[in-house]
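Everything below concerns the one structure shown next.
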Amino acid sequence: MPLGVFDSGIGGLTVVKALRSAFPRRDILYVGDTARVPYGNKSAETVEAYSREIIGFLKSRGVDRIVAACNTASALAVEKIGKSGGVPLHGMIDSGVKAALAVVGSGPVGVIGTAATISSGAYQAALEAGRPGLRVVACATPLFVPLVEEGWLDHEVTEKVAREYLAPLIREKVEVCVLACTHYPLLKKVLQRVLGSEVKLVDSSEACAESLKGVESRISEKGEFRIFLTDEPGPFLGRVESFLGRGAVGSIERIHLTHG
Ligand code: DGL
């Protein structure tokens, strides 16, 4: 029985990378909703409907655990969907918050994510619940997603955008910054430079894999990685292989989900 992982598109591969390194022999089925990406500017109702469909698909393929490797889906839908018919469902928020609380002193904590993630207030609420009175500085930084997709990981334009977006976090002297979006771990170099070397970055992908170590025990023979996309694969395979390594992908297939 494989582990199911889904994201709005390609970003969840940062989570897959962390999961494969934590559980190298676990089979993984990954759904990238490439036909409907991005989720970060959509309503909670829409993201919930998309997430339910993908979860239904993964269950039909026999997964025994599902990771919503998308911070937006985690913030807007995971809690509401909850345990999905006996299959445990994990989002990104609890593990990211736990990792932030483990390293923060007196605060404040910064959180950056898509517009939908930040306006949901999910990270802010979880941080405040975990440490009452902790000051949280949350900022939507949506342009980071297309910049990563353009491959401008350490580019002067990305740095300019980061200086603009992160000004409130710098002004408030955040101690820790939670990278609450699948794409942002790829910008660590720029983010660290702009925020300053003393600010601790919490990579929610690594935190998610780390938190599953307590509950994951299943091992399969091959550690096979299969991808399902809701749009034509196009250059997806090449991009995955450049990120995860050649031969990392067992198969890549198009699927059709029903919601408009
Ligand atoms: N995967 C999304 C997230 O982690 C970012 C891309 C999108 O907006 O769909 O929030």
Side-chain angles (χ1 to χ4, degrees), residues 4-19 30-55 58 66-81 89-97 99-100 110-124 126 138-153 158 161-162 165 177-188 191 201-209 211 227-231 236 239-240 243 257 259:
V5 180
F6 75 93
D7 177 47
S8 53
I10 197 165
L13 293 174
T14 54
V15 183
V16 168
K17 194 172 190 177
L19 289 170
Y30 179 86
V31 175
D33 197 0
T34 45
R36 304 184 292 199
V37 66
Y39 283 7
N41 57 8
K42 295 197 168 65
S43 69
E45 193 190 351
T46 298
V47 172
E48 186 187 329
Y50 292 173
S51 302
R52 282 189 192 277
E53 266 185 358
I54 296 171
I55 288 167
L58 285 168
I66 297 175
V67 176
C70 172
N71 287 266
T72 305
S74 301
L76 271 53
V78 163
E79 201 165 305
K80 213 158 161 211
I81 297 172
L89 174 64
H90 303 265
M92 304 291 291
I93 297 178
D94 291 348
S95 48
V97 164
V111 181
I112 55 174
T114 64
T117 296
I118 299 302
S119 65
S120 76
Y123 271 95
Q124 298 91 313
C139 279
T141 54
L143 287 176
F144 285 161
V145 169
L147 286 167
V148 168
E149 299 207 343
E150 193 61 31
W152 290 7
L153 305 183
T158 310
V161 171
Y165 274 150
C177 179
V178 184
L179 312 184
C181 175
T182 48
H183 289 58
Y184 300 177
L186 298 171
L187 296 177
K188 269 184 194 163
L191 298 174
L201 302 183
V202 171
D203 180 334
S204 59
S205 310
E206 281 168 9
C208 171
S211 78
I227 297 178
F228 301 89
L229 301 176
T230 54
D231 203 355
F236 199 90
R239 295 181 70 187
V240 178
F243 185 59
L257 301 175
H259 195 281

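The first residue in the sequence is number 1, and the count goes up from there. Heavy-atom basis, side chains included; hydrogens, waters and symmetry copies ignored. In listed order, ligands and their atoms are each counted from 1.
Distances below 4.0 Å separate heavy atoms of Thr114 from the following atoms of ligand 1: 5 (C), 8 (O), 10 (O). Here is the list of ligand 1 atoms found below 4.0 Å of a heavy atom in Tyr39: 7 (C), 8 (O), 9 (O).
If you take CZ on Arg52 and CD1 on Ile81, they are separated by 4.5 Å, rounding to the nearest 0.5 Å.
Between Asp7 and ligand 1, at least one pair of N/O atoms sits closer than 3.5 Å. For a threshold of 3.5 Å applied to N or O pairs, the pair formed by Gly40 and ligand 1 contains at least one separation below that value. An N or O contact shorter than 3.5 Å is missing between Thr117 and ligand 1 by distance.
Within the 4.0 Å heavy-atom criterion, both parts of Pro38, backbone and side chain, lie near ligand 1. At a heavy-atom distance under 4.0 Å, no atom of Asn41 approaches ligand 1. Contact annotation: for Asn71 versus ligand 1, heavy atoms closer than 4.0 Å belong to both the backbone and the side chain.
Between Gly11 and ligand 1 there is no heavy-atom distance shorter than 4.0 Å.
Heavy-atom contacts from other residues, nucleotides or ligands closer than 6.0 Å to CG of Asp94 number 12 or fewer. Taking a 6.0 Å sphere around CD of Glu79, one finds it holds 12 or fewer heavy atoms contributed by other residues, nucleotides or ligands.
Ranking protein heavy atoms by distance to atom 6 (C) of ligand 1, first place goes to Ser8 OG, 3.7 Å.
Leu191 places a side-chain heavy atom less than 4.5 Å from the side chain of Ile112. Counting heavy atoms from C-beta on, the side chains of Phe243 and Thr14 come closer than 4.5 Å.
A donor-acceptor contact closer than 3.5 angstrom links the side chains of Thr141 and Tyr184.
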